[in-house]
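Can you keep this structure in mind? I'll have questions shortly.
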Number of protein chains: 2
Amino acid sequence: MRRSKKERQERLQDTIQTNPFVTDEELAAAFNVSVQTIRLDRMELSIPELRERIKYVAERNMDDEVRSLPIEEVIGDIIDIELDKSAISIFDVKKEHVFMRNGIARGHHLFAQANSLAVAVINDEMALTGKADIRFTRPVREGERIVAKAKVTRMEKLRTMVEVSSFVGSELVFRGEFSMFRAPAAEKDD
Amino acid sequence: MRRSKKERQERLQDTIQTNPFVTDEELAAAFNVSVQTIRLDRMELSIPELRERIKYVAERNMDDEVRSLPIEEVIGDIIDIELDKSAISIFDVKKEHVFMRNGIARGHHLFAQANSLAVAVINDEMALTGKADIRFTRPVREGERIVAKAKVTRMEKLRTMVEVSSFVGSELVFRGEFSMFRAPAAEKDD
DNA sequence: TCCGATATTAGGACTAGGTACTAAAATCAG
DNA sequence: CTGATTTTAGTACCTAGTCCTAATATCGGA
């Protein structure tokens, strides 16, 4: 064993994540183990086979042209959602999100996460932000994980109010009140 | 012949175009010919096999992801700026900025342009957004050009108020009032 | 109507990149 | 040193094909 099984599996996951097009054979060669070991690893990690991975990526691409607002469009990862009630997403602040000069996250990323979550929580064909009242309460830095919590506070015919609070640990870093328009059907075209 | 070979091949091309995920067997059933005929057709039309098609779509998707994710730098091009007074930037709404299903620009891009401009107009080492009161007055669509105009309305010791109005043509699409903190220089890192 | 050309179908051998399973061998940990 | 864990090996089978040969079906013209 070059390294522990655990480490290999972690790196495997990583490798496949960044390059879903890699075959078991290539992986076996890369990690210097047998193809069967790679397959066992994949099974333990529930990583589908090459063709399924490729298909998944391709399907997501197709969706771009047809389907409705998927999870992929949300900034940050939704970890919990109850439509028209509440939702939680996390967003890891990386180098590309901060000002170079001071390492502080640019406001629009926090806004994007919150706004995105406000859109996602709405249980309708379409949701658009009408108004927003937001407040950045503490700068967020690279490496920090922002947990955004959205709560639907009021639902009217056209307008839905969503309150989003974002935290790093237990500290509030952002708060926003979003007034969302919901459109049950298609166009309100110009 | 159910129909002419020519017609079948045209429809075949069409079918595969809109649904690259279809197998030869499914196509054979659909056109009521044998699988072999479909394969001959594909060959004559130089249409690759299912897996190659899927792979192609998936690869395109990978490219997309790499280029669409980072929201970097100043959002929009600044075309005029007078520090601590006013600034103007333009932002062209492209496919990657809109919701797939309705072609309407996602709010955070408008916010990002405005916020970015509010930061840029501040003549100091550093500027951070403290509060913002924003309003989306009209949906913006793919292909439209947003002109954001920022105006510094009040300057206090720590706080600077910036008003940003964004237009498409002569129509107001977004308005925001930003309360910016300038250069508390956040003692920590760098 | 028959003839040749074109079109279609059938079948076999082979491929990649797997799954699912069994079994043996190697390695680790107490 | 023993028992459990991990790794490797090998088999049969799968899908969605390729490539190739050969037989059959159908059409269009003299």
Side-chain angles (χ1 to χ4, degrees), chain A residues 1-67 70-72 77, chain B residues 1-67 69 100:
Chain A
M1 248 190 276
R2 282 125 292 276
R3 214 49 196 164
S4 73
K5 178 180 172 176
K6 203 165 176 174
E7 198 198 302
R8 184 189 60 235
Q9 292 194 341
E10 273 164 21
R11 308 216 296 153
L12 186 89
Q13 193 137 39
D14 228 68
T15 307
I16 294 178
Q17 185 91 351
T18 56
N19 173 203
F21 299 89
V22 71
T23 64
D24 287 356
E25 211 167 275
E26 289 165 342
L27 287 164
F31 292 111
N32 202 19
V33 292
S34 72
V35 176
Q36 284 80 354
T37 300
I38 296 295
R39 288 180 180 159
L40 283 173
D41 285 347
R42 272 201 300 103
M43 255 173 251
E44 283 175 27
L45 300 168
S46 311
I47 298 171
E49 65 167 280
L50 171 68
R51 288 155 190 153
E52 291 308 313
R53 295 196 301 264
I54 291 179
K55 208 159 110 187
Y56 175 74
V57 173
E59 268 163 1
R60 258 183 19 207
N61 198 29
M62 283 286 115
D63 289 349
D64 280 10
E65 282 147 39
V66 289
R67 224 182 55 194
I71 292 296
E72 279 81 34
D77 301 314
Chain B
M1 250 189 270
R2 283 130 283 273
R3 215 59 185 177
S4 75
K5 180 179 172 180
K6 202 166 176 176
E7 198 198 301
R8 186 189 59 236
Q9 292 194 342
E10 273 164 21
R11 307 217 296 152
L12 185 90
Q13 191 138 42
D14 229 68
T15 307
I16 294 178
Q17 186 91 349
T18 57
N19 173 203
F21 298 89
V22 69
T23 64
D24 287 356
E25 210 166 275
E26 288 165 342
L27 288 163
F31 293 111
N32 202 20
V33 291
S34 72
V35 178
Q36 286 80 354
T37 301
I38 296 294
R39 288 180 179 159
L40 283 172
D41 284 347
R42 272 201 300 101
M43 253 175 252
E44 283 176 26
L45 300 167
S46 314
I47 297 172
E49 65 167 278
L50 172 68
R51 288 155 189 154
E52 290 307 313
R53 296 195 301 265
I54 291 179
K55 208 158 110 185
Y56 175 73
V57 173
E59 271 163 358
R60 256 181 25 208
N61 197 23
M62 291 309 277
D63 292 349
D64 280 5
E65 265 175 34
V66 173
R67 103 179 113 74
L69 272 173
M100 295 152 196

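Chain letters run A, B, ... following the sequence lines, proteins first, then strands; residues in each count from 1.
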Next on the checklist: Can you measure A:Phe21 atom CZ to C:dG17 atom P for me and round it to whole angstrom units?
Outcome noted: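 Whole-Å distance recorded here is 13 Å.
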
Next on the checklist: Nearest whole Å is fine: how far is C:dT6 C1' from B:Lys6 NZ?
Outcome noted: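 In whole Å, C:dT6 C1' lies 15 Å from B:Lys6 NZ.
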
Next on the checklist: Apply side chain to side chain contact (heavy atoms under 4.5 Å, CB included) to residues A:Arg42 and A:Arg39 and explain how you reach the verdict.
Outcome noted: CA-CA 5 Å; A:Arg42 272 201 300 103; A:Arg39 288 180 180 159; 3.8 Å; yes

Checklist entry - Is the shortest side-chain N/O distance from A:Ser34 to OP1 or OP2 of D:dT7 below 4.0 Å? => result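 Answer is no, no contact under 4.0 Å.
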
Checklist entry - Roughly, in whole Å, what's the span from CD in A:Glu52 to P in C:dG18? => result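 Roughly 11 Å, once rounded to whole Å.
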
Checklist entry - In whole Å, what is the span from the CZ atom of A:Arg8 to the C1' atom of D:dT6? => result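 To the nearest whole Å, that distance equals 8 Å.
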
Checklist entry - If you find the nucleotide of DNA chain D closest to A:Glu44 and the one closest to B:Gln36, which residue's nucleotide is nearer the 5' end? => result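 Its nucleotide being nearer the 5' end, the pick is A:Glu44.
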
Item to check | Distance, rounded to the nearest Å, where A:Glu26 contributes CD and C:dG17 contributes P | outcome: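 Between P of C:dG17 and CD of A:Glu26: 8 Å.
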
Checklist entry - Rounding to a whole Å, what distance do you find between A:Ile38:CD1 and C:dG17:C1'? => result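 Value for this atom pair: 14 Å.
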
Item to check | Between C:dT19 (P) and A:Asp41 (CG): distance, integer Å | outcome: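 The distance from CG of A:Asp41 to P of C:dT19 comes to 12 Å, rounded to the nearest Å.
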
Checklist entry - Given atom CD1 of B:Ile54 and atom C1' of C:dG17, what is their separation to the nearest angstrom? => result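 The answer, rounded to whole Å, is 14 Å.
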
Item to check | Short side-chain to backbone donor-acceptor contact, A:Arg53 and A:Pro48, under 3.5 Å | outcome: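 Judged by distance alone, yes, a pair lies under 3.5 Å.
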
Item to check | A:Thr37 vs A:Phe31 side-chain heavy atoms within contact, under 4.5 Å | outcome: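 Result no, sub-4.5 Å side-chain heavy-atom pair not found.
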
Between N or O atoms, less than 3.5 Å apart, protein on one side and nucleotides 13-17 of chain D on the other: list the pairs.
| from | atom 1 | to | atom 2 | distance (Å) |
| --- | --- | --- | --- | --- |
| D:dT15 | O2 | B:Arg51 | NH2 | 2.8 |
| D:dA16 | O4' | B:Arg51 | NH2 | 2.6 |
| D:dA16 | N3 | B:Arg51 | NH1 | 2.9 |
| D:dA16 | N3 | B:Arg51 | NH2 | 3.0 |
| D:dG17 | OP1 | B:Leu50 | N | 3.0 |
| D:dG17 | OP2 | B:Asp24 | N | 2.9 |
| D:dG17 | O5' | B:Asp24 | OD2 | 3.3 |
| D:dG17 | O5' | B:Arg39 | NH2 | 3.4 |

Checklist entry - Would you call A:Ile54 and B:Arg51 a side-chain contact if the rule is heavy atoms closer than 4.5 Å? => result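 Not touching, per the 4.5 Å side-chain cut-off.
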
Item to check | More than 12 heavy atoms from other groups under 6.0 Å of CD on A:Glu52 | outcome: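 Counting neighbours around CD of A:Glu52, more than 12 heavy atoms of other residues, nucleotides or ligands fall under 6.0 Å, so yes.
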
Item to check | Test salt bridge (charged side-chain N to carboxylate O under 4.0 Å, His left out) applied to B:Lys55 and B:Glu59, step by step | outcome: CA-CA 6 Å; B:Lys55 208 158 110 185; B:Glu59 271 163 358; 5.3 Å; no

